[in-house]
Protein chains: 2
Amino acid sequence: MTDDAVETRRTAPATLHDVAREAGVSLATASRSLNGSTRKVNEEYRQRVLAAAAKLNYSPNLSAQAVARGSTTTVALLVADIADPYFSQMAAGVVREADRERLIVTMAATERDTERELDLVRTLRGQRPRVMILAASRREDDPNNDALEAELQAFESNGGRVAFVSSAAGAFHAVQLDNRAGAEALARELIGLGYRRFAAVTGAEGIRTADERLAGFRAGLEAGGGTLDRIVRPAFTRDGGYEGMTQLIEEGLDGIELVFAGNDVMAVGAMSAIRDAGLTPGTDVAVAGFDDIPTVRDVTPPLTTVRIPLEEVGRRALRLALDEPGAADESPVHTEVVLRDSTPRRG
Amino acid sequence: MTDDAVETRRTAPATLHDVAREAGVSLATASRSLNGSTRKVNEEYRQRVLAAAAKLNYSPNLSAQAVARGSTTTVALLVADIADPYFSQMAAGVVREADRERLIVTMAATERDTERELDLVRTLRGQRPRVMILAASRREDDPNNDALEAELQAFESNGGRVAFVSSAAGAFHAVQLDNRAGAEALARELIGLGYRRFAAVTGAEGIRTADERLAGFRAGLEAGGGTLDRIVRPAFTRDGGYEGMTQLIEEGLDGIELVFAGNDVMAVGAMSAIRDAGLTPGTDVAVAGFDDIPTVRDVTPPLTTVRIPLEEVGRRALRLALDEPGAADESPVHTEVVLRDSTPRRG
DNA sequence: ACACGCCGGGAAAGCGCTATCTCACTACGG
DNA sequence: CCGTAGTGAGATAGCGCTTTCCCGGCGTGT
């Protein structure tokens with residue numbers, strides 16, 4: 001009694017060869033019947049092949065097809081953190097659009113480590129995906145940037161397509177998020193609501209997204225006569241927001257009316273910190289974020305933020321990579337200030 | 001002047017053959033040098049091959065490897081909705097564990113459509129993944145269940161591994177979520193806090209997760225002398241929660257002290273509905289959820305819920321599929337009631 | 001000194017497919 | 001009635017790899 005006898009009989013998957021034999025046709029005919037070949041095939045044969053395939057529970061081996069065809073049906077997606085709503089919303093968009101194109105998405109997380117990112121790009125390149133979408137946040141001065149660019153360049157010159165999600169992506173196509181303009185518009189609106197004295201809680205210097213948003217916000221304030229009195233730069237995460245806000249409170253808010261968080265998860269963390277300090281967000285100190293992740297409608301008070309249509313961003317990233325260069329819409333994604341109760345009009 | 005001349009020279013990726021030629025060794029030696037073969041290869045040759053590979057920016061074609069080896073390094077993951085934190089947290093766990101094993105994750109979303117799910121399983125089977133993880137919610141009586149089971153059975157008999165995330169998965173391995181016990185424990189605790197009259201807002205009948213949680217909750221109440229006065233069953237989503245709660249309020253809460261939502265996103269929606277109706281969640285009517293997604297710490301008041309370690313669930317699902325049968329830990333995942341301010345002690 | 005095993009490189013046979021090429025067969029115009 | 005285009009099925013040459021299998025060269029024991 002061998003081990004094999006114990007578990008369910010393990011059989012190799014049916015191959016096209018098996019199907020052809022079962023149907024009594026040649027390999028070529030079987031292949032032509034099962035996937036839209038240009039060649040016509042006698043209807044009777046076709047039916048025989050289809051029946052045989054069904055009978056044998058045939059499932060075409062995508063790897064073999066990829067090797068034979070010299071191209072895959074795969075899209076690779078790189079994000080910083082899958083559990084972060086910012087990225088998971090985007091990923092949902094990519095997956096949805098990929099599905100429409102009957103493409104399969106492989107997903108990896110850089111965990112915000114550029115070394116890892118480079119590694120992942122190298123590995124994923126082995127898949128020969130049609131497209132690689134890089135949505136993980138870029139850092140300005142990273143030592144790995146050059147290597148990454150080289151790797152992607154190689155990928156493109158081998159016929160792959162690259163799409164970034166970011167504001168600028170060097171030589172590559174990108175879905176442009178106009179962080180600067182969005183933050184600037186937000187600042188103006190807040191000034192309009194009567195705020196004058198601000199602080200910012202945002203990610204470390206060098207994270208491009210964080211830098212751009214801060215710069216835009218500052219520009220908007222200056223134009224309107226507001227002042228950015230304090231800036232803290234903890235991690236670009238929910239806990240970073242909490243921590244940064246706590247620090248701000250401990251050092252004394254003295255007069256700060258509104259805290260601008262570099263993204264929504266930070267804003268949410270900041271609100272918790274405010275509350276834990278015995279203050280009321282919105283009333284004692286206003287809070288604004290960026291992204292408009294779903295959660296922020298449900299916190300109290302609902303958060304003022306800059307809306308980015310994240311799912312659409314994901315979809316557009318894929319389209320951008322798939323469509324003929326030129327045909328694709330490379331205009332910046334439309335962002336929009338959404339005022340909610342976390343920034344009440346100031347008496 | 002051809003089109004080719006316009007864009008960057010498009011060259012085929014370097015093949016192992018190219019590397020071998022460049023290094024002046026045979027194909028076999030190149031192959032053996034570049035991936036941990038059992039066979040030893042002369043250190044000098046090895047270095048030559050490595051250098052050649054680096055020079056040519058060689059990236060092994062994973063599809064070709066898969067065909068030649070007859071096995072892949074892929075894991076397929078099916079979830080209902082990637083943007084839903086419940087699933088994205090789990091996905092993050094799967095991806096992390098997969099990364100540890102140097103496996104690549106391909107991800108698809110069923111959008112809660114069992115037809116699609118079946119389709120996706122069929123497609124993904126073509127990848128010949130080592131593992132398929134099905135985390136999308138099961139429905140009790142779905143007409144596609146048999147076909148799905150057959151498909152998975154075929155996959156397993158071809159040497160693939162299947163792991164479900166759910167309470168029961170027929171013949172397949174599963175990471176068990178003890179929804180029933182969790183909900184029952186929650187009910188007991190709530191009774192202990194002084195609540196007696198309850199309503200439930202949960203997903204449609206037939207969604208196994210929803211049914212089990214409701215049954216458990218009911219059992220807990222009965223044991224403790226509480227009553228479940230009303231049940232509404234909208235969609236199993238945030239908006240469903242909002243809608244269900246609105247309905248409850250419109251029909252009159254008369255005496256209901258606490259609303260149990262079938263999951264956290266529903267609870268969050270319900271809290272918004274309560275607030276939009278001019279009431280205060282926690283004070284006017286208490287709310288409890290299930291899952292403990294990150295968001296619920298940050299809503300006001302923080303939500304009482306049953307904690308599921310979602311990331312761990314994802315990791316365990318992969319381990320379960322990868323490890324030798326028997327070696328894997330198939331005990332139900334530990335759930336834990338987390339009392340927060342949305343259910344203050346009563347009277 | 002010689003047979004014998006071991007070591008490790010190279011040739012080559014696949015892996016499951018696709019796509020090109022071949023070729024028997026039909027149909028049709030001159 | 002023959003030559004010539006189509007047609008469409010089948011044979012086959014790959015695709016980029018891995019992994020046998022073969023074989024020459026070396027070290028050892030007698």
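Chain letters run A, B, ... following the sequence lines, proteins first and then strands; every chain starts at 1. Side chains are part of it too, since the values below use all heavy atoms of this structure and drop only hydrogens, waters and symmetry mates.
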Quiz item: Can B/Arg315 and B/Glu312 be counted as an ion pair, charged N to O under 4.0 angstrom?
Solution: no

Which nucleotide in [options] has an atom nearest any side-chain atom of [X]:
{"X": "A/Val41", "options": "D/dC17, C/dC17, D/dA9", "result": "D/dA9"}
{"X": "A/Ala28", "options": "C/dA12, C/dA19, C/dC17", "result": "C/dA19"}
{"X": "B/Asn61", "options": "C/dA11, C/dT18, D/dC17", "result": "D/dC17"}

Exercise. Identify whether any heavy atom of B/Arg39 sits under 4.0 Å from a base atom; if not, whether one sits that close to sugar-phosphate; answer base, sugar-phosphate or nothing.
Key: base

Exercise. Check every strand shown and say whether B/Val67 touches a base, only sugar-phosphate, or nothing at a heavy-atom separation below 4.0 Å.
Key: base

Practice problem: Assign each of B/Ala64 and B/Gly24 to its nearest nucleotide of DNA chain C by heavy atoms, then name whichever residue's nucleotide is nearer the 5' end. | Solution: B/Gly24

Quiz item: In terms of the nearest nucleotide of DNA chain C, which residue is placed more toward the 5' end: A/Ala68 or B/Thr29?
Solution: B/Thr29

Rounding to a whole Å, what distance do you find between [X]:[atom1] and [N]:[atom2]?
{"X": "A/Arg21", "N": "C/dC17", "atom1": "CZ", "atom2": "P", "value": "13 Å"}
{"X": "A/Tyr45", "N": "D/dG8", "atom1": "OH", "atom2": "P", "value": "12 Å"}
{"X": "A/Asp18", "N": "C/dG16", "atom1": "CG", "atom2": "P", "value": "8 Å"}
{"X": "A/Arg48", "N": "D/dA9", "atom1": "CZ", "atom2": "C1'", "value": "12 Å"}
{"X": "B/His17", "N": "D/dC17", "atom1": "NE2", "atom2": "P", "value": "11 Å"}
{"X": "A/Leu16", "N": "D/dG10", "atom1": "CG", "atom2": "C1'", "value": "13 Å"}
{"X": "B/Leu27", "N": "C/dC15", "atom1": "CG", "atom2": "P", "value": "17 Å"}
{"X": "B/Arg69", "N": "D/dC15", "atom1": "CZ", "atom2": "P", "value": "20 Å"}

Just to confirm, is there a sub-4.0 Å distance from OP1 or OP2 of [N] to any side-chain nitrogen or oxygen of [X]?
{"X": "B/Ser26", "N": "C/dG10", "value": "yes"}
{"X": "A/Gln65", "N": "C/dC17", "value": "no"}
{"X": "B/Ser31", "N": "D/dC17", "value": "no"}

Self-check item: Side chain B/Arg32 and base C/dG8 donor-acceptor under 3.5 Å
Solution: no

Self-check item: Heavy-atom side-chain contact between A/Val105 and A/Thr74 under 4.5 Å
Solution: no

Quiz prompt | Minimum heavy-atom distance between A/Ala321 and A/Val131, given as atom pair plus value | solution = CB-CG1, 3.4 Å

